[in-house]
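Since this is a predicted model, take the numbers as computed values, not measurements. We name chains A, B, ... by the order of the sequence lines, and we start the count at 1 in each one.
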Amino acid sequence: MSDNRATMDTAPYAITTDPLNLDALITAVTSGSPDATIGPGGITSFVGVVRNENAGRRVLRLEYEGYDPLALRAFERIGAETADRWDVRIALHHRLGTLQIGEASVMIAAASPHRADAFAACRYIIERVKQIVPIWKHEFFEGGDVWIEGATADPEDDVARQDAIRVAGLE
Amino acid sequence: MSDNRATMDTAPYAITTDPLNLDALITAVTSGSPDATIGPGGITSFVGVVRNENAGRRVLRLEYEGYDPLALRAFERIGAETADRWDVRIALHHRLGTLQIGEASVMIAAASPHRADAFAACRYIIERVKQIVPIWKHEFFEGGDVWIEGATADPEDDVARQDAIRVAGLE
Amino acid sequence: MNGNRVTIRLFARLKDIVGTGELSREASSDATAGTVWRTLMNEFAELRDYETSISVAVNEEYARMDAPVADGDEVAFLPPVSGG
Amino acid sequence: MNGNRVTIRLFARLKDIVGTGELSREASSDATAGTVWRTLMNEFAELRDYETSISVAVNEEYARMDAPVADGDEVAFLPPVSGG
C-alpha cells in the first residue's frame with residue numbers, strides 16, 4: 001500500500017500494471033466540480049488486496065490478465081449504472097500483471113453528499129466488477145496454478161445486476 | 001485530503017487537531033499480524049468531510065469539540081462491538097478544532113478476509129460514532145452559528161445500537 | 001463539615017450557557033450526578049432545555065444520574081452528540 | 001472467392017488451451033461469432049468446457065453469438081471473469 005512507485009492517476013477509470021494509489025482515486029472524486037451546489041459529505045472506498053489463502057490453498061501470487069479496451073468500457077458502463085441510481089462521483093482503478101500477497105488489485109472510491117449513497121455505490125461497483133469486467137486472475141499456489149473463473153461476463157444479464165443492487169442494499 | 005502536514009498516526013484509535021491521513025489508517029488495519037492465517041482480502045474506508053451545506057444553510061466552517069478521554073473510550077467500545085460481530089481489523093480517527101469546507105473530520109478503515117464484513121463494519125462504525133461519541137460540531141454559517149445536537153450519547157441504548165446494526169445491514 | 005467539592009465539565013452549548021467549560025461546586029455527602037445537575041439547572045435556567053436529553057459521565061466513565069459523587073470527582077454533562 | 005479473415009482474441013485458460021492469445025482464421029461471408037467459435041471448438045476439443053459459459057465481443061463491444069462478422073473484424077472469446 002505504501003509503494004513509493006505508486007502513480008497518481010486521477011482519471012476516474014484506469015487499468016494499469018503500476019501499483020494503485022488510493023489518494024489518486026479520492027482526488028478523482030473530490031476535486032474540481034465548482035458548480036456543485038452541495039459538496040461531498042462522505043467518501044467511501046474499497047481496496048481489494050491479494051489474499052494469502054483461497055479455497056484452502058496457500059496462495060503465492062496472482063497474475064491478472066485483462067481485455068483492456070472492453071474492460072474500460074465495462075468500467076464506464078458500471079459508472080453509468082451507478083450514476084442512474086445514486087448521487088455519487090466515483091473512481092475505479094484495476095491493476096493487471098503480477099501481484100504479490102497484500103498488494104492492491106482494485107480500488108474504488110465514491111463521494112456523495114449522503115453517506116448512504118457512497119456506501120451503496122461502492123459496494124455495488126465491486127460486485128459489478130466481479131460480474132462483468134473482462135479481467136481474469138491466474139492463481140499460483142503451493143503445488144500448482146489455476147485460472148480462476150467466476151461469473152459469465154454478460155453485462156445484459158439483469159439477474160446479476162439485480163443481485164448487485166440487492167447486495168448494495170439499503171436503498 | 002493531500003495536506004502535506006498530514007500526520008502518520010498508525011494507532012487504531014486517535015483524536016487529534018492535526019489533519020487526518022487515510023494511509024495511516026490503512027496501515028493500521030493491514031500491517032503486522034504475522035499470525036493471521038488468512039490475511040485481508042478487502043479494505044473499506046469512510047472519510048467524512050465538512051460539507052458546504054447543511055439544512056439549507058451555507059456553511060463556512062465547523063469547529064469540533066470533544067471530551068477526549070471519554071471519546072477514546074467510546075472508540076474502544078465501538079471497536080469491541082464491531083469485533084464481536086464481524087471478522088475485521090479497524091481504525092477510527094477523529095479530528096477536533098476548526099475545519100474548513102472539504103477537510104476530513106473523521107476517517108474509518110476496516111480490513112477483512114471478506115469484503116461483506118469490511119463494508120458492514122465500516123458502516124456500523126460511522127453510525128455508532130454519530131450515536132455515542134462525545135464530540136460536538138459548532139457550525140458557522142452565512143448569518144450565524146449553531147451547536148449541532150444529534151443523538152443522546154447513551155452507549156447502553158440498545159435501540160440505537162440495533163438501528164446501527166440494521167443500517168450496516170446485509171449480515 | 002468540610003463540604004465535598006466536585007469538578008463539573010461542560011461541553012458545546014452547555015459551555016456557552018454557563019460561560020465556562022469547567023467549574024467547581026460543593027456537593028453534599030449523599031450527592032449524586034443528578035443532584036449536581038439539578039443544582040446547576042437552578043443556577044442556569046437555560047440548561048432546562050437539556051433536562052431529558054442530558055448524559056453524564058463521572059470520572060471519564062458514562063454513568064447514570066443516580067450515581068453517587070465523592071469529593072474530587074469530575075462530573076461531565078454531555079448534550080446530544082454530533083460527531084462524525 | 002477471397003475468404004474473409006477475422007482476428008480471434010483469447011484470454012485466460014482459453015489462451016492456454018489454444019497456445020496463443022491471438023490467431024487469424026478464415027470465415028465464410030455469412031459467418032457469425034458463433035460460427036467462428038464452433039470452428040475453434042472443432043479444432044481444440046478442450047474449448048467444449050466453455051460451450052455454455054463463453055461470452056463474445058466483436059470489435060471490442062460485447063456481442064451475441066449470432067452477430068455477423070466481417071472481414072478484418074476482431075472476435076474475442078471471454079471465459080467467465082474473475083477480476084476484482
Side-chain angles (χ1 to χ4, degrees), chain B residues 15 20 46-51 54-55 62-78 92-96 99 104-108 122-123 125-139 145-157 160 164, chain C residues 6-25 32-38 40-41 43-70 72-84:
Chain B
I15 293 176
L20 303 179
F46 177 78
V47 176
V49 300
V50 178
R51 217 171 59 176
N54 183 37
L62 294 181
E63 291 181 10
Y64 281 86
E65 177 178 314
Y67 185 25
D68 294 27
L70 197 61
L72 276 172
R73 288 192 192 183
F75 283 11
E76 286 162 9
R77 181 190 180 103
I78 293 169
L92 168 54
H93 292 190
H94 205 299
R95 189 172 168 194
L96 301 181
L99 274 76
S105 54
V106 61
M107 291 188 178
I108 299 164
C122 202
R123 184 73 202 271
I125 291 165
I126 185 60
E127 299 306 316
R128 290 299 272 163
V129 165
K130 289 170 180 282
Q131 285 176 351
I132 70 166
V133 174
I135 291 178
W136 300 268
K137 34 170 99 80
H138 193 174
E139 179 187 306
D145 69 279
V146 62
W147 281 100
I148 306 297
E149 296 181 347
T152 299
D154 178 1
E156 305 293 342
D157 178 353
Chain C
V6 295
T7 300
I8 298 170
R9 297 286 305 272
L10 300 169
F11 297 91
R13 197 174 145 238
L14 302 192
K15 192 161 91 173
D16 287 356
I17 290 171
V18 172
T20 178
E22 185 168 336
L23 61 163
S24 177
R25 284 291 181 276
T32 63
T35 318
V36 177
W37 172 246
R38 283 186 294 276
L40 212 58
M41 274 202 299
E43 203 172 337
F44 301 94
E46 274 188 274
L47 292 182
R48 296 219 168 87
D49 291 355
Y50 295 92
E51 197 157 2
T52 60
S53 63
I54 199 73
S55 298
V56 64
V58 177
N59 296 333
E60 304 180 353
E61 293 273 18
Y62 279 107
R64 292 162 48 118
M65 277 295 187
D66 59 6
V69 295
D73 279 356
E74 178 177 287
V75 184
F77 295 108
L78 315 171
V81 300
S82 57

Intermediate values then yes/no, side chain to side chain contact (heavy atoms under 4.5 Å, CB included), B:Arg77 and C:Tyr62 | CA-CA 12 Å; B:Arg77 181 190 180 103; C:Tyr62 279 107; over 6 Å; no
Listed partners of B:Phe46 passing ring-ring contact (aromatic ring centres under 6.0 Å, His included), at least two apart | A:Phe119
Is there side-chain contact between B:Trp136 and C:Lys15, with heavy atoms separated by less than 4.5 Å?
-> no
Could you check which of B:Gly66, B:Ala74, B:Pro69 has the highest count of heavy-atom pairs closer than 4.5 Å to chain C?
-> B:Pro69
Do you know the tightest heavy-atom contact between B:Arg73 and C:Asn59?
-> NH1-O, 4.5 Å
Nearest-0.5 Å distance that lies between atom CG in C:Asp16 and atom NE2 in B:His138 = 6.0 Å
Tell me, please, which residues at least two apart from B:His93 pass ring-ring contact (aromatic ring centres under 6.0 Å, His included).
-> none
Sort out for me which of B:Glu65, B:Glu63, B:Lys130 touches chain C most, counting heavy-atom pairs under 4.5 Å.
-> B:Glu65
Contacting region of B:Thr152 [heavy-atom separation from chain C under 4.5 Å] | both
Quick one: what part of B:Tyr64 sits under 4.5 Å from any heavy atom of chain C, side chain, backbone, both or neither?
-> side chain
Can you pull out the residues in residues 74-84 of chain C with any heavy atom less than 4.5 Å from chain B?
-> C:Glu74, C:Ala76, C:Leu78, C:Pro79, C:Pro80, C:Val81, C:Ser82, C:Gly83, C:Gly84
Can you list the residues that meet the side chain to side chain contact (heavy atoms under 4.5 Å, CB included) rule with C:Glu46, with sequence neighbours excluded?
-> C:Arg13, C:Ile17
So which of B:Ile132, B:Val146, B:Ile108 has the largest heavy-atom pair count under 4.5 angstrom toward chain C?
-> B:Ile132
